Amino acid sequence: MREGELAELYRNYGHLVLRRCRAILRSEIEAQDVLQDVFLRAMRYERSLNRADSKLGWLYRTSERCCFDRLSKRK
């Protein structure tokens, strides 16, 4: 994924993903950490992201998985 593509993806959807993470984690710091993880995964799994019907849907599913993993590690 080219840097410009990732930047555009972040501009378009970053605030939505962050809001979702905040709602799940109830922690600003952890939500920001997960946001970074999600966009790193977007770079790593670019092919999967590009095949998805909805980029936002892919980002939401990925963010939810990351958040739930983080919550399970809290316990």
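Quick note: numbers below take in every heavy atom, side chains included, and nothing from hydrogens, waters or symmetry partners. What you see is a predicted model; the values in this text were computed from it and never measured. Position 1 is the first residue of the sequence; numbering continues from there.
The shortest non-hydrogen separation linking E30 to S27 is N-OG, 3.3 Å. The shortest non-hydrogen separation linking W58 to S48 is NE1-OG, 3.0 Å. Contact record, V38 with S63: CG2-CA, 3.5 Å, taken as the closest heavy-atom pair.
To the nearest 0.5 Å, atoms CG (L18) and CD (Q32) are separated by 6.0 Å. Going from atom CZ of R41 over to atom CZ of R65 covers 8.5 Å, rounded to the nearest 0.5 Å. Here the straight-line distance linking atom CG of L56 with atom CG of N12 works out to 10.0 Å at 0.5 Å rounding. Annotation: the span from H15 atom NE2 to Y10 atom OH amounts to 10.5 Å, rounded to 0.5 Å. The CD atom of E5 sits 10.0 Å away from atom CG of L49, with the distance rounded to the nearest 0.5 Å. Taking CD of E28 as the start and CG of L35 as the end, the distance is 9.5 Å to the nearest 0.5 Å.
Residues forming a salt bridge (Lys or Arg N to Asp or Glu O under 4.0 Å) with D33 (at least two apart in sequence, or on another chain): R70.
A continuous path of Ile, Leu, Val, Met, Phe, Trp and Tyr side chains, each step under 4.5 Å between heavy atoms, connects F39 with F68, placing both in one hydrophobic cluster.
Residues I24 and V34 fail the side-chain proximity criterion, which asks for heavy atoms closer than 4.5 Å.
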Trace of the side chain to side chain contact (heavy atoms under 4.5 Å, CB included) decision for L25 with R74:
CA-CA 10 Å; L25 296 169; R74 278 187 193 172; 3.9 Å; yes
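Here the side chain of S72 pairs a donor or acceptor atom with the backbone of D69 at under 3.5 angstrom.
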